[in-house]
Every structure is written in structure tokens, then in C-alpha cells.
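In this text, all values refer to a predicted model and were calculated from it rather than measured experimentally. Lettering of chains follows the sequences in order, A, B, ..., and the numbering in each one begins at 1.
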Amino acid sequence: MQEIYNHSQIEKKCQTKWRESKVFEVKESDDKPKMYCMPMLPYPSGKLHMGHVRNYTITDVLARFYKLKGYNVLHTIGWDAFGLPAENAAMKSKVAPAAWTYQNIENMKAQLENMGLSFDWSREIATCKPDYYHWQQWLFVQLYKNGVIYRKNGIVNWDPVDQTVLANEQVIDGKGWRSGATVEKKEIPMYYFAITKYAEELLSDLDKLDGWPEQVRLMQKNWIGKSRGMEVTFAGCDGYDGLTVFTTRPDTLMGVTYVAISAEHPLADAALKLKPELADFIHECKMGGVSEAELATQEKKGAFSGLYVTHPLTNEKVPVWIANYVLMNYGTGAVMAVPSHDERDFEFATKYDLPKKVVIKPAKADDSYQPDITAYTDSGTLINSGKYDGMSFDQVFAELEKDLTTKNAGQVKINYRLRDWGISRQRYWGCPIPIIHCEHCGDVPVPEENLPVILPEDLIPDGSGNPLNKDKRFTDTSCPKCGAAARRETDTMDTFVDSSWYFLRYTCPDSHSAMLDERVNYWAPVDQYVGGIEHAILHLLYARFFYKALRDLGLVAGDEPFKNLLTQGMVLAETFYRQNPNGSKDWFSPLDVEVSKDGKGNVISAIYKADGKEVIYGGIEKMSKSKNNGIDPDEIIAKYGADTARLFVMFASPPEQTLDWSDTGIAGSNRFISKVWRMVYEHVNTGVVPRYTAGELSTEQKKLRTQLHQTIQKITNDIEVRKQFNTAIAAVMELLNAYAKTDLSDVSGRALAQETLEAVVIMLSPITPHVCDVLWSLLVPESELLNQSWPIVDAAALEVDEAEVIVQVNGKLRGKIMVAKSLSKVEIEELAKQNPNVQKFIDGQAIKKMVVVPGKLINIVV
RNA sequence: GCCGGGAUGGUGGAAUUGGUAGACGCGCCGGACUCAAAAUCCGGUGCCAGCAAUGGCGUGAGGGUUCAAGUCCCUCUCCCGGCACCA
């Protein structure tokens, strides 16, 4: 054995050994419990960044831990290979997205192999390959036939100069990222997944997900946004149509002073004919992007439509305003406005000098409430509401239900904020939608025997729309029904579709005759899913929806795909950019920028090293390709090895926490591994012995053994229950600090050293597998670490007969006493009072109260 | 704007159920070893006062509940993530 730890001599060897022995390739088996452990599917951006390192180290630690715990562990990886970045790269450097993607996969795979991860590589999938998307198209056809998929119009960002649809990310301050042109909202036909059919189940099943973080369940609940309210119809006036609104506050119905509609509402078209001067405003509303964040932060603007509708209770005329804050694809595209009891309406009414009518009296008398200055948005007692005066929310709700139903002007309604999922993308690099458009037969799904619809891999997009549109090889086909010439759909699917079921395909990636086979029933659901918190809503909600839809097709059993979820915090890094004349930005890697900071850590200046000129600091953001702030692990692995990189990211912070990247202290992780190596070396050098089972131990040896078993207990809990690896590592460090201070030179000491080192090596092995694999073979020659079991706590070693108890006076720490287990409560209290420092603070004062927390603390209140 | 989360020494973080704030690591300071350096080992290290024992202060800001608050409640500031076409 070498005296000095040298990662480069052991890591490659271990990786080769694992690969050749196929030790991580697993099959279904009934003699062990199964454990399906999986990180989120990565996008093959070209290079691994520290967020990936964190993600895969977490799943690897868990996978290796459960393997040692005796589970049949499946740990998988693949590629979310379709998507926008490949098209952007194609426009930039004229490489086909397919070639770029495959090259990236190759690069990243090599990087992953250097990390020593326990993936079953035989199950690797790439979503851009026909044998994967074949089954996605097959599923699309099934869902289409079942009415879970339908076609309707949706609104997209349209770049009038590049004549192309833009992603929200590509709209910057309302302008196209390449052309700089003001983006317009455009209505086009799209396919939708009817996720709202599952809204209620997606909401109620959140209760079953007790292995999920509470914050994720809460975010999903709010996203689904179930609310109970009323649909209220305002009849038309002067021969025009009326409109329907949804409100969760029907108690404020008598306070309505106007209604607001979206610029896309049918009444807006009618108003335009009546008042042509509205054209400018309606046009203005149609400018800018479609993202909710943009719409919600823009200045609220409106214009009177010239039309009125009739209030269903008072029969008074209510003016209709067109407002830019009302969304057509949201509810009914119209809202009733109650300025006195809604902040947004209050702001709007103040701006346009519209009347306000107070109809709710605050429940508690509140002198500070001034109706002219603020809206009162809580519920209370009704006033100025005619026959409803004096009623509470619940009373008026019930009363209105009767009255509006009688008048045929409204009904109680459960509303969801969740909208159906539009999946059509006017883009080339994605899974083709398997539909053929026939003049005679309409939209015809591609027959199963003709699937997959193969996406040609040789096209290069140029930024002016989807190149599939111009590719006759692709578009020209015949109708499967009538045989007439027909055109193939050229829209491709949202890449979230690809990532909504990949975890099921891992269970049977070689199934050529079906999407899924019986193996899925062995492995599904995923027992432990690990991925970034940024996926808390969209990806996880879509995957949950897919699982339920697949269940209803009889393809999977159970209701939920992910039993336990760990959402890792993002790894953030500083961003730096320069603005181009057209408004676009060039991003610089933090590695290429020299930063100076003030005493508080604020950036004073940042210089691009290559040209010595200033760059702009863009704040700390998640590592991503688009902001060029990804830090690649290669350098760290080359210098310190994969074990150090893994240990460092696990030790840096608990996994759920956001991590501002800094490699300060990485040498310390390497130093720790060297220290473990040296300890094992020193022990093994004097000969390995059987591990301690029984025999006389000195007092300090006994203490060490107690600490050893406390550590085993703590680490097991930290990994299995708390999923907090930094404290597990700290506990091993503490144990080894104590080990180094204990005299273990006698026979039982040597046996205890053996016991301790064996346990330490096994417990560290999920985190630093290479070095532990080697150390184990030295500690216990002729055996394999991967065949060992996780150490078991010896309850007898945990027995201690004395405990330290804190003594406080009035909540302030004044002394510590050692208390034997045998002492009674009264004896302990007496002991506490006798402590000389405690005496100083209670001397001459009457003791009002004594609070005793057994084995921990005594608080004397004087 | 809306939803979710975060803020603790010079620094990453610990404190698991309301019970010793700062574990463990980094950095820094001092020492040992060395011709010297690196590596390694030993000791110290929240701030203020004190030779020390010890005391006072201290978990983004302000208020509150409690014998006891980093932890619970209210108000606020700043930062991060998501907002349906980045993935």
C-alpha cells in the first residue's frame, strides 16, 4: 500500500472495474426490495456544470447507500435531447442540431464517467432518438383518440421581422432577441393536452405525496388554484352581446362599477366597429410578449369600449372597459371590477376616474381604513347593497346563488387557475406531432403501423421559422383515410412531453413492440427522485398528469410517479455581460472575469481578462448555458479527483439549499481524504486484525466506541431520513478527530481501530466510492466493498451512565453539571443550585420556578 | 405583480421536536518538524471588557409570545427560484 493518497492511480482503475463487472446493471428480482433512484433528465448542453455534479452525486450517494442496505437498486441516466439550445447553436455555427446534440451527449457522458457514478448505463436513453419518440407519438395517438388531446387556438409571441414564433426567453423587454423588433401576440392553432380534466385529482393526490417537500406541494396547489365562486352573466345592452365573468367575491357584486375585458374578447371586436378610434389601443394591447410575468408587471391601461352591459341585480348600465391586464386565455376573458374591494381595480379606477362604491364594512372596526385611499379586500358585512345589507360572505353567497339562478344570470362554479397544456411548438428540433392534415378528412392521426414519424436530422434552422415547413420530403404525404395528397403537421412537441414519461422507459428501454412492458410494474413508481427546485411546478406537474393518463390507458399501476422527491437547491454563479447595440447581450464566463469587491462583497468592477475591458455584473443566477456562468467540474476532477469533487459538493451545504458557487476550501476536502488514507495506512501497516466484538476497553476506548456507534446512528439517519450529507460528513470528521486522540495500541485497541476504520470506510463509500473501494480491500483483503452491508448500531455501546446538564438562571447559561443517570429530579435540582457560579446568581433571591428538561437543561427562574 | 424559498462569525455552514448559538470545514494567527520551503502535526480564533475566572452583547431590521426564540407570531428590507414556449 502506498503511504500517500493519489487519486489518479485509483479512480480510473475502479471505474474500469465497475464497468467491466457490470455491477450496476440490474434486473428485476424478488429476493431483495427494489429501490428506483433517479436524477432529473439532463439537457445535453455540452458540458457538465456544478449543478449536475450536485444532482448526480446526491442520487449516487443514495443509490450506493441503499445497495449497501440490501436493496436491488436501479439508478438511471439519459438525455433530454430535443430543445431550443440546439437550434440556437445551429443558427450560430451552422451545425445541424442533431450533430451538435450527439456530440454534446458524447462529451458529457465522458465527464459523467469520470465522476464514478453507479448508473446502469445499459438503460441510457436519448429523447431525440426514434426508438424513444416512436412511443411518444404512439401515446399521442392514443390520447388523441381518447379526447385527452384536442386542437384550439392559442396565443404566441410573434417576431414580425424574423417571421417566427419566439419562446418567452427570447422576448427581452417586449422585443425579439435577434431582430430587436417589437413582439406581437399572434393567435394560431395548437394541440392541447386536457390536463384540466385531471385538475381535481392532481390537487387531491398531493395529500398522498408525503415523501415530497411541503413547499413543492404548496406551490403545485397554488398553481392548480382551485377556487369556489360564481359565474355571473351581465346581459347585453343596445343590441350588443352580454358577457360572463367569474368571481370569487360575489359578495361585492353590488359594488361593481365597470367590467373589464381583454382586447381579444369578442365584445372588443364589436366595440371596434362602433368606435374605430379604439384601434390604436387594441393594437397596443396586442404588442409585447405573452408571458404572465410581463403582463402582470406592465402598466395597467384601459379604454372605454363605448358599450354597456346590464347589472344582473340592479339592472343598471355598467360600462365595459378594454384593459391590458385582463387575459383572454384566463377564465372568460372578462372580469367584474369592484374598485373599493380589489387593489388592482382600485388602481385602475383611480387612474381613469371611474366611480367607487363601498359595499363591505370591515369585520373589525378599523379607524385607519379610508375608502378614498385604499381598497378593503377582506370580507366583512355588506352595506349599500339593498336587500343584502347586513349579510356575511356566506349568507350573501347562498342568497345570490338563489337569486342569480332564478334570473338565469349566474351559478356557483368551481374554477381552476390551471390551464390546458399547449404542446405545439413551431420548431424543428423536437418530436414530430403525428398528425396528417387532409382537405377532406381533417386532422388524421398517423396509423400506428406508420410510426414513428421520423424527424430528418440534417436540417439547419436559420431563425426564420421551422425548416420542416420547407422540407417537402417531410411535409408531402397522403391521407391515411382517403389516400388523397395531404400535408404532414410540422409543429413539434413541447420538450416537457419528452420528460414526462422517460423514467418509465428506463424500465424497459429495449422494448421494441410496446411503449412499456411488464417490467415497469416491478420498478415503478420511482422511489427517490432528485432534481432542481426550478422544476417544482411545470415538469413535476406534467409528469404527474402523464402518469395518471397512462394509468387510465392501463399502462401503469398506481396514481403517482414519484414516491419521494428531493428538490436540490440551485448552484448559482455570478454572471457578467456586455450589451450589444441591438439590445442583445454577450455573456462572459466568471472564470474569464477578474472581479474586485468592496468589504461587504459587492462587486465594484469586473474586467474581462482577455481584453482588459469592463464587463457588467449581472447578479448571481442559476448556472446555465444561456448566461454562460456554468462552472465545469473537469478542472477540479483533474486536480483533486472525483472523490474530492463529490465530497466537496456534498460537504458544502445541505442539498435543498441554494449554493453560491465558490471552490474555496476544496483543498480541505482533499486533505480529509488524505487523512483517512493515512489512518488506514498506519493501521494496515501494523497488520489487519479481526474487528472488535468483545473484550476489555480502557475508559477512553469505551468513549471512542460509544462515539463510533453514535456516529453510525447519526449518519444512517442523516442519509436515509434527513438527506443531509454535510452533517454526516462532519460526524465522520469528528469521529476521526477522536480516533486520532485515542490510544489504540493494545490488543483490544487494535480491534477497535479495525472496527472503526471498517465502519468509516463503508459509511464514506457512497460519497467517495473510489478511495473507499481501495481502502476496503486493504482493510479486509480478498473482499469487495460493494458486497458489504451498511454498519449496524450496537445498542450496548450507546449506553452511557452520565450526562451533561446545562444550568440556566433566568434563561441565561450559568453552569454545567455532570449528572449520573440514577439521580432523581430533586437530587438534580439540588445539584444545580449548588453549582458555585449558579449560586452567585440566585443568592438571596426567591426561586419562583424551576424548569427541568431531563438529561439536558435546568432553568432556575428567580 | 402573483406563488414558493432564503438571510447565522472573516468564510461555507451546524443547532434534527421551542432548550448550551457558531459543530465540522475553509481562512487567519501562533508553535513544532525542516538548512529552507512544501506537506504534516499541535494550539488559538463571534464581537467588546478582563492576566484570568468571568461578564456584557450577538442569528437581515423593528415589534410580540414564552421560564426559554436562529427556531413560533406580526410588520418590513434585500436576495434567489417559478410564472405555463429555457430546461
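Between A:Arg417 atom CZ and B:rA84 atom C1' the separation is 8 Å, expressed in whole Å. A straight line from CD1 of A:Ile806 to C1' of B:rG18 spans 16 Å, rounded to a whole angstrom. Put simply, CG on A:Leu202 is 19 Å from P on B:rA84, counting in whole angstrom units. Across the protein-nucleic acid pair, A:Asn55 atom CG and B:rG81 atom C1' stand 16 Å apart, rounded to whole Å. In this structure, NZ of A:Lys627 is placed 10 Å from C1' of B:rC86, rounded to the nearest angstrom. In this structure, CG of A:Asn157 is placed 13 Å from C1' of B:rC86, rounded to the nearest angstrom. In this structure, the NZ atom of A:Lys741 is 7 Å from the P atom of B:rC42, given to the nearest Å. Put simply, CE on A:Met570 is 16 Å from P on B:rA87, counting in whole angstrom units.
On the P atoms, B:rG81 is 29 Å away from B:rG27, given to the nearest whole Å. Atom P of B:rG55 sits at a distance of 27 Å from the matching atom of B:rU66, rounded to the whole Å. One P atom belongs to B:rU20, the other to B:rA69, and the distance between them is 11 Å to the nearest Å. The same atom, C1', is picked in B:rU45 and in B:rG22; the two are 12 Å apart, to the nearest Å. Taking atom P on both nucleotides, B:rA7 is separated from B:rA14 by 9 Å, rounded to a whole Å. Here the separation of B:rU11 from B:rG46, taken at their C1' atoms, is 13 Å to the nearest Å. Using C1' as the reference atom, B:rC80 and B:rU16 are 25 Å apart when rounded to the nearest Å. Between the C1' atoms of B:rC48 and B:rG9, the separation comes to 14 Å (whole Å).
Rounding to the nearest 0.5 Å places CG of A:Leu764 at 9.0 Å from CE of A:Met733. The line from CD1 of A:Ile224 to CG of A:Leu541 is 5.5 Å long, rounded to the nearest 0.5 Å.
Using a cut-off of 4.0 Å between Lys/Arg side-chain N and Asp/Glu carboxylate O, A:Arg217 and A:Glu214 are scored as salt-bridged. At a threshold of 4.0 Å, the pair A:Asp491-A:Arg425 does not count as salt-bridged, since none of the basic side-chain nitrogens sits closer than that to a carboxylate oxygen. Look at A:Arg417 and A:Glu292 and you find a salt bridge, because one of the NZ, NE, NH1 or NH2 atoms lies within 4.0 Å of a carboxylate O, short of that distance. Between A:Glu299 and A:Lys351, at least one side-chain N (NZ, or NE/NH1/NH2) sits under 4.0 Å from a carboxylate O, which counts as a salt bridge.
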Along nucleotides 2-15 of chain B, 5' to 3', which nucleotides get a B, which get an S, and which get a -, given that the test is a protein heavy-atom distance under 4.0 Å?
-SSS------BSSS
Scan nucleotides 46-66 of chain B nucleotide by nucleotide, 5' to 3', and note B when protein non-hydrogen atoms come under 4.0 Å of the base, S if they reach only the sugar-phosphate, - if neither.
--------SSSS---------
Sequence-aligned protein contact record of nucleotides 68-79 of chain B, with B where the base is within under 4.0 Å of a protein heavy atom and S where only the sugar-phosphate is:
S-----------
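When each of A:Ala730 and A:Phe496 is assigned the nucleotide of RNA chain B with its nearest heavy atom, A:Ala730 is the one assigned upstream, toward the 5' end.
Counting any heavy atom pair closer than 4.0 Å across all strands shown, A:Thr297 reaches a base atom. Looking at heavy-atom distances under 4.0 Å, A:Val156 makes contact with a base. Looking at heavy-atom distances under 4.0 Å, A:His539 makes no contact with the nucleic acid at all. If you check every strand for non-hydrogen atoms under 4.0 Å, A:Gly422 touches sugar and phosphate atoms only. Using a 4.0 Å heavy-atom criterion, one finds that A:Leu84 contacts the sugar-phosphate atoms exclusively. Residue contacts shown for A:Ser662 are absent, as no nucleic acid heavy atom lies under 4.0 Å away.
In this model, no donor atom of one side chain and acceptor atom of the other lie less than 3.5 Å apart for A:Arg671 and A:Thr644. Side-chain atoms of A:Asn55 and A:Gln568 form a donor-acceptor pair, as typed in the model, at a separation below 3.5 Å. For the residue pair A:Lys675/A:Asn737, the side-chain donor-acceptor check at 3.5 Å is satisfied. Side-chain contact of A:Asp80 with A:Ser499: a donor-acceptor pair under 3.5 Å is absent, judged by distance alone.
Aromatic ring centres of A:Phe348 and A:Tyr325: separated by under 6.0 Å. Ring-centre distance between A:Trp501 and A:Phe545: not below the 6.0 Å cut-off.
When distances are taken from the side chain of A:Val851 to each of B:rG19, B:rC80, B:rU16, the shortest belongs to B:rG19. Distance from the side chain of A:Leu418 is smallest to B:rA84 among B:rG81, B:rA84, B:rG43.
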Test ring-ring contact (aromatic ring centres under 6.0 Å, His included) on A:Phe193 and A:Phe546; report intermediate values, then the result.
CA-CA 10 Å; A:Phe193 281 33; A:Phe546 252 59; 5.7 Å; yes
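The environment of A:Asn153 atom CG is dense: over 12 non-hydrogen atoms of other residues, nucleotides or ligands sit within 6.0 angstrom. Under a cut-off of 6.0 angstrom, the local environment of NZ in A:Lys47 is sparse, with at most 12 non-hydrogen atoms contributed by other residues, nucleotides or ligands.
Taking the ring centre of A:Tyr192 as origin, the terminal cationic atom of A:Lys152 falls inside the region bounded by 6.0 Å and 45° from the ring axis.
Side-chain contact between A:Asn629 and A:Trp661: absent, with no pair of heavy atoms (C-beta onward) separated by less than 4.5 Å. Between A:Thr377 and A:Glu343 the shortest side-chain heavy-atom distance falls below 4.5 Å. Proximity of A:His539 to A:Met40: side-chain heavy atoms (C-beta onward) are separated by under 4.5 Å at one or more points.
Judged by distance alone, the side chain of A:Asp159 and the main-chain N or O of A:Asp162 form a donor-acceptor pair under 3.5 Å.
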Please convert RNA chain B into dot-bracket. A pair counts if it is Watson-Crick or G-U wobble with both distances under 3.5 Å; crossing pairs go in [ ] and bases paired with another strand get |.
(((((((..(((......[....)))((((((.......))))))((((....))))..(((((..]....))))))))))))....
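For the segment residues 668-682 of chain A, the set of residues with a heavy atom within less than 4.0 Å of an atom of RNA chain B comprises A:Gly668, A:Arg671, A:Arg678, in numerical order. Shown for residues 731-739 of chain A: residues whose heavy atoms fall under 4.0 angstrom of RNA chain B, namely A:Met733, A:Glu734, A:Asn737.
An anti base is found at B:rG30: its glycosidic angle is more than 90° from 0.
The two residues A:Ala260 and A:Val326 make their nearest non-hydrogen contact at CB-CG2, 3.8 Å.
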